[in-house]
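Values below: every heavy atom of this structure, side chains too, minus hydrogens, waters and symmetry copies. Because the structure is a prediction, the values reported are computed rather than measured.
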Amino acid sequence: MTPESFIASKASLAIKELYNAEVEASSLQVQVTRKEFEGDFTLVVFPLLKISHSTPDNTGNAIGEWLKANVPEISAFNVVKGFLNICLSELYWNGLFNGIVKDKDFGQLPASGKNIMVEFSSPNTNKPLHLGHVRNNLLGASVSNLLKASGNNVIKTTLVNDRGVHICKSMYAWQQSFNGATPQSTGKKGDHLVGDCYVEFNNIYSREVKELVSGGMPEEEAKKEAPSLKAVHEMLVKWEQGDKEVRELWEMMNSWVFEGFDETYKSLNITFDKVYYEHDTYLLGKELVQRGLDNGAFVRDPDGSVWCDLTADGLDRKIVLRSDGTSVYITQDLGTAERRFSENKLDSHIYVVGNEQNYHFQALKLILGKLGFDWADQIYHLSYGMVELPEGKMKSREGTVVDADDLIQKMYEEAKATSEESGKLADMTEEEKCKLYHMIGLGALKYFIIKVDPKKTMLFDPKESIDFNGNTGPFIQYTHARIRSILRKADENGIDYSAETLQDSVKLSTKEIRLIKILNSYPQKIAEAAAALSPAVIANYAYELAKEFNQYYHETPILKEENQDVLRMRLALINTLASVLVKAMAILGIELPERM
């Protein structure tokens, strides 16, 4: 029971005794007392005046006097203009804390019975993962963890976009310019090699457009008539027709990319429950296109292309099939959505995709509705802002991206340099140090990205993220390591601070009550973050908890405390705090070290 519910239940009893009136506790307004007033929680008295037939002050004082006299967990009260400010006693806070300590599943919300699918990452197999993909992956994984913590059954999935014009561009460039190069012959990760091919296609295409323009062709026409672009479209048609040579090249280059992706995912600790491939689902989409033509939801233009008219819905006409019969992105998204809902009995489906695709998902939802799927409204696009660098946006086709593998290595090196400066790891083995540097580097990267509200565009600064002070992952990791150090010393001294040793009458400081309040709000923060699909709420909660501990640590002797009951309470308090930090940061995919 939350403090608000506790006070409401007792206030309901007071009203019954004082005014012989039945008032449901859930209907009473209880809120956290404003900082400028004395008290922990405030009961709003005004709605009760029709029952008390008295003034706000008289009503508030009457209820306050009854509560203080009959509820030992309430120590004092004051009334300010119709607001009854209530102070909870140490008996209450000790009891609340003891309950948290005994609850092994503290923070895990009750099962909802809902099946939720979260799609994230969904890379194209024409380039390696970059910083933008990193935000997508970290956001998708942490949202999945958050939804699990809030009681849902979550299916993490990705759709690998392994076919289409963009894939054929890399294939074409490899044929033209790479002389049979392979990851083995070049020593490059496969996804990096294919990414080089994609950049090279843009170079070939740009040269051709420039030559056509210099020959007198208008630029817009030149962009359509460039031989390389025409060759790529011909290759895509051949692929859809099952051409043996094109398919073999496609399979070979995709296998290089998949190996590269797997290595990057492993570095980021990203996993999926189900993986879908576009080449398996685009035909499902084509079947739905035919259904849309049959029921009048779609129309075929004279050139053979198929469209859905969304102008009445505030959008425009959306193409769902090209004139040459090849699929577009939304074709396979239609088929994939239908398969997922039918196979998994989903209650909702969340797509974690950047805000540049807002229109696409508006259209997808509308088109599925027009196709008669009643679950269309259960689709949600978690639209997040782009990641930018101090020098601006990244562009894959121009090769101006921050590669994910390079970024992970850079974070490792930053963590190593910062840790070595501290001089506290001298007794660690090299293997232990390497593991710690990786943990700190990833913690810095993940926290810096996740602490920003998903909807906001963010600027990434590796050096700022690795700082051991301030609102960073390493600060929280160091806080945990500090707590574990204190607890190791307590264990060495044989001090028992288990739940069974805790008393209900221990004298608590203002700081300790403050920490208990923050700890107690953790389940509420889980619910709040899940409702908003914002892991940033949990990131900033963890920072607040770590910051409060550090202030407490500097002001409070823990192991030097002579009163054994107080000592055990303090050790149990910081142990619980460390446990909640581990749970909160695990939602973000961040590990906390025992030592730093």
Side-chain angles (χ1 to χ4, degrees), residues 1-11 30-43 64 67-68 71-78 80 83-103 106-107 479 482-483 486-487 490 497-499 501-526 528 540-581 583-584:
M1 181 183 290
T2 65
E4 293 93 334
S5 299
F6 174 79
I7 289 171
S9 67
K10 298 304 180 183
V30 181
Q31 58 203 30
V32 175
T33 302
R34 288 165 55 179
K35 290 181 180 179
E36 60 265 34
F37 299 110
E38 182 184 354
D40 296 310
F41 294 91
T42 298
L43 173 68
L67 290 172
K68 186 179 177 183
V71 183
E73 292 89 351
I74 292 176
S75 58
F77 73 92
N78 63 83
V80 180
F83 294 93
L84 172 57
N85 302 319
I86 295 167
C87 300
L88 292 166
S89 69
E90 287 177 347
L91 177 65
Y92 177 81
W93 294 117
N94 274 300
L96 180 68
F97 172 61
N98 293 353
I100 293 172
V101 174
K102 292 172 183 174
D103 184 357
F106 180 69
T479 297
R482 172 177 274 173
I483 295 172
I486 298 169
L487 294 174
Y497 49 89
S498 61
T501 68
L502 302 181
Q503 305 298 314
D504 285 339
S505 56
V506 176
K507 179 69 177 174
L508 298 172
S509 69
T510 302
K511 278 287 182 186
E512 285 157 355
I513 291 174
R514 167 73 177 154
L515 281 170
I516 293 169
K517 285 181 178 179
I518 297 174
L519 284 171
N520 189 59
S521 70
Y522 180 55
Q524 181 184 338
K525 289 294 180 181
I526 292 287
E528 177 188 332
N540 289 291
Y541 168 82
Y543 171 62
E544 181 187 11
L545 189 56
K547 185 174 64 173
E548 283 291 333
F549 163 77
N550 281 285
Q551 291 176 2
Y552 173 67
Y553 173 77
H554 287 300
E555 296 175 8
T556 308
I558 297 177
L559 291 174
K560 292 180 180 179
E561 176 57 51
E562 295 181 358
N563 183 307
Q564 291 302 297
D565 287 340
V566 174
L567 172 61
R568 283 192 285 268
M569 180 278 297
R570 288 179 177 172
L571 291 171
L573 177 61
I574 65 171
N575 183 52
T576 305
L577 194 152
S579 174
V580 170
L581 280 180
K583 290 179 181 180

Hey, is Arg568 close enough to Glu561 for a salt bridge, meaning N to O under 4.0 Å?
->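 So Arg568 does not pair with Glu561 through a salt bridge.
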
Under a 4.0 Å N-O cut-off, is there an ion pair linking Lys547 with Glu544?
->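 Salt bridge absent between Lys547 and Glu544.
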
Ile513: side chain to side chain contact (heavy atoms under 4.5 Å, CB included) partners, not counting sequence neighbours =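 Per chain and number, Ile513 pairs via side chain to side chain contact (heavy atoms under 4.5 Å, CB included) with Trp93, Leu508, Lys517.
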
[X] and [Y]: which non-hydrogen atoms are nearest, and at how many Å?
{"X": "Leu581", "Y": "Ala542", "value": "CD2-O, 3.6 Å"}
{"X": "Val32", "Y": "Glu4", "value": "CG2-OE2, 4.3 Å"}
{"X": "Tyr553", "Y": "Ile558", "value": "CD1-CD1, 4.5 Å"}
{"X": "Pro3", "Y": "Leu96", "value": "CG-CD2, 4.5 Å"}
{"X": "Glu38", "Y": "Asn78", "value": "O-ND2, 2.9 Å"}

In sequence, state the C-alpha distance, the side-chain angles, and the governing distance for Arg570 and Ile574, and then conclude on side chain to side chain contact (heavy atoms under 4.5 Å, CB included).
-> CA-CA 6 Å; Arg570 288 179 177 172; Ile574 65 171; 5.8 Å; no

Taking only residues two or more places apart in sequence or in another chain, which ones pass salt bridge (Lys or Arg N to Asp or Glu O under 4.0 Å) with Lys102?
->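 Scan of Lys102 (salt bridge (Lys or Arg N to Asp or Glu O under 4.0 Å), adjacent residues dropped) gives none.
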
Could you tell me which residues satisfy salt bridge (Lys or Arg N to Asp or Glu O under 4.0 Å) with Glu90, sequence neighbours excluded, listed by chain and number?
->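 Partners of Glu90 by the salt bridge (Lys or Arg N to Asp or Glu O under 4.0 Å) criterion, ordered by chain and then number, come out as Lys507.
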
Worked check of side chain to side chain contact (heavy atoms under 4.5 Å, CB included) between Phe77 and Leu67 = CA-CA 9 Å; Phe77 73 92; Leu67 290 172; over 6 Å; no

List the steps and the verdict of side chain to side chain contact (heavy atoms under 4.5 Å, CB included) for Tyr522 and Leu545.
-> CA-CA 10 Å; Tyr522 180 55; Leu545 189 56; over 6 Å; no

Go through the steps to decide whether Asp40 and Thr33 satisfy the test side chain to side chain donor-acceptor pair (under 3.5 Å), and finish with yes or no.
-> CA-CA 5 Å; Asp40 296 310; Thr33 302; over 6 Å; no

Determine, stepwise, if the pair Asp565 / Met569 fulfils side chain to side chain contact (heavy atoms under 4.5 Å, CB included).
-> CA-CA 6 Å; Asp565 287 340; Met569 180 278 297; over 6 Å; no

Indicate whether the side chain of Asp504 and that of Asn94 have a donor and an acceptor atom separated by less than 3.5 Å.
->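 No, because no side-chain N or O of Asp504 sits under 3.5 Å from a partner of the opposite role on Asn94.
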
